[in-house]
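Just so it is clear, the model here is predicted, and its values are computed rather than measured.
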Amino acid sequence: QVQLVESGGGLVQPGGSLRLSCAASTSITMIARMGWYRQAPGNERELVADIERGGSPNYAESVKGRFTLSRDSATNTLYLEMNNLRREDTAVYYCRAQTPRDYWGQGTQVTVSS
């Protein structure tokens, strides 16, 4: 069983930045794939960025050059640094871990608005 706890969401103006954190209850070196997804009202959940164990980050086209995925194995935490935020980035952001069993966090709201 893997528990994931997200934090770092909030309200930010367009052009602003936020950093999301996902703390895992197990060593992230044992997790095959981890990533961030988001779901806006009326939309399906979509991939934002993910990474395989030992691999490089993979980003959705809409966030390339603005978002950065990173991980800290010492604290078992996955991060998503979000810069130059746009209104269309507004969504609930979820952390996902595949061991390969599928685990999701509870989500954290990101609202981009002036």
May I ask you to check whether over 12 heavy atoms, not counting those of Gln109, lie within 6.0 Å of atom CD?
yes

CZ (Arg53) and CE (Met30) are apart, to the nearest 0.5 Å, by 7.0 Å

CG of Leu20 to OG1 of Thr77, rounded to nearest 0.5 Å, is 12.5 Å

Between the side chain of Tyr59 and the main-chain N/O of Leu69, is any donor-acceptor distance below 3.5 Å?
yes

Any donor-acceptor N or O pair under 3.5 Å, side chains Ser113, Thr111: no

Next item on the list: Side-chain contact test, heavy atoms from C-beta onward, threshold under 4.5 Å: evaluate it for Thr99 versus Val2 and give yes or no.
Entry: yes

I'd like to know if the side chain of Arg66 and the backbone of Ser62 have a donor-acceptor N/O pair within less than 3.5 Å. yes

Nearest heavy-atom contact between Trp36 and Cys22 is CZ2-CB, 3.5 Å

When you measure from the side chain of Asn84 to the backbone N and O of Gly15, does any donor-acceptor pair fall under 3.5 Å? no

Taking Gln39 for its side chain and Asn43 for its backbone only, find out whether a donor-acceptor pair lies under 3.5 Å. yes

Item to complete: Examine Leu78 and Tyr94 and state if one hydrophobic cluster contains both, with Ile, Leu, Val, Met, Phe, Trp and Tyr joined whenever side-chain heavy atoms are less than 4.5 Å apart.
Response: no

So does Cys95 get a backbone contact from the side chain of Glu6, meaning a donor-acceptor N/O pair under 3.5 Å? yes

Discussion item. Looking at Thr29 and Ser27, would you say the former's side chain and the latter's main chain have a donor-acceptor pair under 3.5 Å?
Written reply: no

**Prompt:** Side chains of Phe67 and Val48: does their closest heavy-atom pair fall under 4.5 Å?
**Reply:** yes

When rounded to the nearest 0.5 Å, the distance separating CD1 of Ile31 from CG of Leu4 is 6.5 Å

Heavy-atom nearest pair, Ala40 first then Ala91, reads N-CB, 3.8 Å

Here the gap from Arg45 atom CZ to Leu47 atom CG, rounded to the nearest 0.5 Å, amounts to 12.0 Å

Requested in this report: Step through it carefully: locate the ring centre of Trp104, locate the ring centre of Tyr37, and say whether they are under 6.0 Å apart.
Outcome: yes

### Gly9 backbone acceptor or donor facing Thr108 side chain under 3.5 Å
yes

- Message: Could you check whether any side-chain N or O of Glu81 sits under 3.5 Å from a backbone N or O of Thr68, counting only pairs where one atom can act as donor and the other as acceptor?
- Response: no

Query raised in the report: Among the clusters formed by ILVMFWY side chains lying less than 4.5 Å apart, do Met82 and Val12 turn up in the same one?
Result: yes

Cation-pi, Tyr103 ring and Arg96 (6.0 angstrom, 45 degrees) | no

Would you mind reporting whether Ser25 and Gln1 have side-chain heavy atoms less than 4.5 Å apart? no

Margin query: Asp89 vs Arg38, test: side chain to side chain contact (heavy atoms under 4.5 Å, CB included). Steps then yes/no.
Written below: CA-CA 9 Å; Asp89 295 318; Arg38 67 186 181 187; 2.9 Å; yes

From the list Leu18, Leu11, Leu85, side chain to side chain contact (heavy atoms under 4.5 Å, CB included) with Val112 holds only for Leu85

Exercise for the section: Can you establish whether the number of heavy atoms outside Glu44 located under 6.0 Å from its atom CD is more than 12? Expected result: no

Interatomic distance, CG@Leu80 vs CZ@Arg71, rounded to 0.5 Å, equals 14.0 Å

Closest heavy-atom pair, Asp50 versus Arg33, reported as atoms and distance to 0.1 Å, is OD2-NH1, 3.0 Å

- Query: Is there a donor in the side chain of Ser17 and an acceptor in the side chain of Asn83, or the other way round, less than 3.5 Å apart?
  - Reply: yes

